[in-house]
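Report on the structure given below.
Just so it is clear: chains get the letters A, B, ... in the order the sequence lines come, proteins before strands, and each one is counted from 1.
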2 protein chains.
Amino acid sequence: MEHIARDADIAPVAALIADPTRAAILTALLDGRALAAGELARVAGVSAATASAHLARLLDGRLVDVVRQGRHRYYRLSGHEVAEVLEVLARISARPPVRSLRQSRQARLLEEARTCYDHLAGRAGVGLLDGLRAGGFYAGADLTGEGERLLTGLGVDVAGARGSRRRFAPECLDWTERRAHLGGALGAAVTYALFERGWYRRGTVPRAVILTDEGREGLSALFPSKELTSHTPVT
Amino acid sequence: MEHIARDADIAPVAALIADPTRAAILTALLDGRALAAGELARVAGVSAATASAHLARLLDGRLVDVVRQGRHRYYRLSGHEVAEVLEVLARISARPPVRSLRQSRQARLLEEARTCYDHLAGRAGVGLLDGLRAGGFYAGADLTGEGERLLTGLGVDVAGARGSRRRFAPECLDWTERRAHLGGALGAAVTYALFERGWYRRGTVPRAVILTDEGREGLSALFPSKELTSHTPVT
DNA sequence: CGTACCCTTCGACACAGGACGAAATGTGCG
DNA sequence: CGCACATTTCGTCCTGTGTCGAAGGGTACG
């Protein structure tokens with residue numbers, strides 16, 4: 001009368017994430033960019049041979065894709081579902097103690113504004129969603145008509161996001177802020193547009209993004225509330 | 001110049017899920033009930049000693065809670081966040097091939113209607129959300145005023161769900177249907193009310209739930225669309 | 001109390017798999 | 001063609017951990 005597993009077996013996938021080196025690799029890829037095998041070895045702090053073995057296993061388990069370019073091989077997460085797993089896991093995982101000053105500065109940068117795979121997170125992401133809500137541009141898990149006009153005017157490909165097979169505009173729980181930010185296809189499209197406009201740019205710390213002067217102006221014009229724009233720059 | 005992990009380290013938590021025996025135990029607990037250590041050993045197909053060791057590790061990692069009752073120790077998931085991790089992992093995990101007739105019947109039961117930790121999932125869960133939407137009771141990620149009246153009238157503790165620190169009424173992606181069902185605090189409250197009314201009851205297969213005759217009548221009165229009520233009983 | 005039962009701890013074993021250096025493969029460039 | 005570089009494959013070592021039987025606490029019940 002025993003019940004054999006008829007659910008999806010999650011153990012093999014979890015095992016792929018369970019190794020510290022592979023977890024470091026996956027986390028490094030969490031910003032959606034593709035990194036070369038050598039870079040990943042360096043980030044994870046292991047030899048090239050070791051990283052290669054791990055990447056082969058991740059590839060086999062379909063957690064990452066590879067694109068060959070010359071003598072480099074660039075690896076990236078195979079999709080946003082993988083990023084979601086990592087984020088959800090982070091939500092119930094302990095945050096390691098901060099050791100150095102530099103680390104605490106990096107931590108503050110990430111709490112301020114970062115990308116969560118392909119959309120904006122951290123205080124900036126939460127503030128953006130708050131601003132959209134306060135202005136009547138977003139309600140429930142959808143844009144209002146007014147919101148659709150606003151974002152389209154800013155160069156966001158709203159129609160394309162709607163056509164995507166991905167969920168359109170779900171709220172995504174932020175694991176530093178413990179509040180929601182904008183995720184899904186629309187979250188990605190908005191973030192893409194913000195980069196295109198130069199309102200945000202990538203920082204030197206992986207996943208960290210930085211509000212530019214133009215961005216501060218543009219956003220404060222759109223959202224009169226202070227939340228989004230008053231945050232002090234981290235230097 | 002290497003980047004040490006300043007993110008939450010997810011590897012230890014993933015390692016807890018990565019062992020097949022522990023994954024079986026966690027999956028068995030996914031319906032939110034508390035099971036005794038012996039039962040868990042049996043469902044996982046290991047000796048009591050082995051199960052005990054695994055449960056100790058899960059306890060240490062805060063994935064499960066234990067409640068001692070006489071000479072039994074009942075284990076349960078420590079919270080819905082843990083259940084969410086398991087569900088998200090299942091979404092990117094391979095479904096094992098069906099081996100026996102009994103397994104395929106069980107699989108059909110679960111696809112039809114099951115609980116996802118504490119709310120309704122499967123075709124029944126997806127149909128319920130569809131019905132709420134079609135009737136104008138739910139839009140975006142919130143109840144409409146009409147929906148609030150309807151559910152309150154059915155005995156759902158809507159106010160309590162709103163007061164919860166959990167998200168109120170998020171859409172939860174169903175990994176068998178690949179469509180959304182109702183999750184969060186409201187999903188749990190609705191499911192609780194459906195059980196209280198006797199419209200659904202627990203099946204013999206873990207996590208499976210069964211639509212009762214009263215439930216069929218009640219739901220078809222509320223939601224004229226056929227989706228929710230026409231499904232053929234699995235025998 | 002003594003017995004039956006549930007569960008955990010202990011001791012011992014076996015095995016998976018992660019680590020590296022060295023060598024092999026493959027690509028680009030002069 | 002030959003050298004430089006990125007990456008993988010191979011061989012080997014070694015730690016970590018999952019497994020069980022047997023023994024050791026607790027708890028209930030007659």
**Prompt:** Given atom CG of B/L58 and atom C1' of D/dT17, what is their separation to the nearest angstrom?
**Reply:** 14 Å
**Flag if over 12 foreign heavy atoms under 6.0 Å of CZ, B/F168** = yes
**Request:** Select base, sugar-phosphate, or nothing to describe what A/A36 touches, counting heavy atoms under 4.0 Å on all strands.
**Result:** sugar-phosphate
**Request:** Rounded to the nearest angstrom, tell me the gap between atom CD1 in B/I17 and atom P in D/dT17.
**Result:** 16 Å
**Length of the CD-P vector between A/E39 and D/dC5, whole Å** = 17 Å
**Message:** What is the separation between atom CG on B/L16 and atom C1' on D/dG16, rounded to the nearest whole Å?
**Reply:** 14 Å
**Request:** Using a 4.0 Å heavy-atom cut-off across all strands, classify B/Y74 as base, sugar-phosphate, or nothing.
**Result:** nothing
**Message:** Reading DNA chain C from 5' to 3', where do the contacts with chain B start and stop? Cut-off is 4.0 Å to heavy atoms.
**Reply:** C/dA4 to C/dT9
**Message:** Contact between A/H181 and A/L120 at the side-chain level, heavy atoms closer than 4.5 Å - yes or no?
**Reply:** no
**Message:** Please classify the nucleic acid contact of B/A37 as base, sugar-phosphate, or nothing, using heavy-atom distances under 4.0 Å.
**Reply:** sugar-phosphate
**Derivation of the side-chain contact (heavy atoms from CB on, under 4.5 Å) call for A/R123 and A/E111** = CA-CA 6 Å; A/R123 263 191 290 283; A/E111 283 166 19; 4.3 Å; yes
**Request:** Select from A/P20 and B/Y75 the residue whose nearest nucleotide in DNA chain C is closer to the 5' end of that strand.
**Result:** B/Y75
**Asked** Do you know the tightest heavy-atom contact between B/F195 and B/Y200?
**Response** CD2-O, 3.3 Å
**Asked** Heavy-atom distance under 4.5 Å between the side chains of B/L194 and B/L154, does that happen here?
**Response** no
**Asked** In whole angstroms, how far is the C1' atom of D/dT7 from the CG atom of A/L35?
**Response** 15 Å
Protein-nucleotides 19-22 of chain D N/O pairs under 3.5 Å:
from, atom 1, to, atom 2, distance (Å)
D/dT19, OP1, B/T21, OG1, 3.0
D/dT19, OP2, B/H54, NE2, 2.4
D/dC20, OP2, B/S47, N, 3.2
D/dC20, OP2, B/S47, OG, 3.3
D/dC20, OP2, B/T50, OG1, 2.5

**Prompt:** Taking all atoms of both residues into account, what is the closest heavy-atom pair of B/S47 and B/A41, and its distance?
**Reply:** O-CB, 4.0 Å
**Asked** Just wondering, are more than 12 heavy atoms of other shown residues or ligands nearer than 6.0 Å to CZ in A/R76?
**Response** no
**Request:** Could you list all the ring-ring contact (aromatic ring centres under 6.0 Å, His included) pairs where at least one residue sits in residues 32-73 of chain A, not counting sequence neighbours?
**Result:** A/H72-A/Y74
**Message:** Using OP1 and OP2 only, check whether a side-chain N or O of B/R73 sits under 4.0 Å from D/dT27.
**Reply:** no
**Prompt:** Has B/R162 got more than 12 heavy atoms of other residues, nucleotides or ligands less than 6.0 Å from its CZ?
**Reply:** yes
**Whole-Å distance separating the CG atom of A/L55 from the P atom of D/dA6** = 16 Å
**Request:** Send over the distance from A/R71 CZ to D/dA6 P, rounded to a whole Å.
**Result:** 6 Å
**Whole-Å gap separating C1' (D/dG26) and CD (B/Q69)** = 16 Å
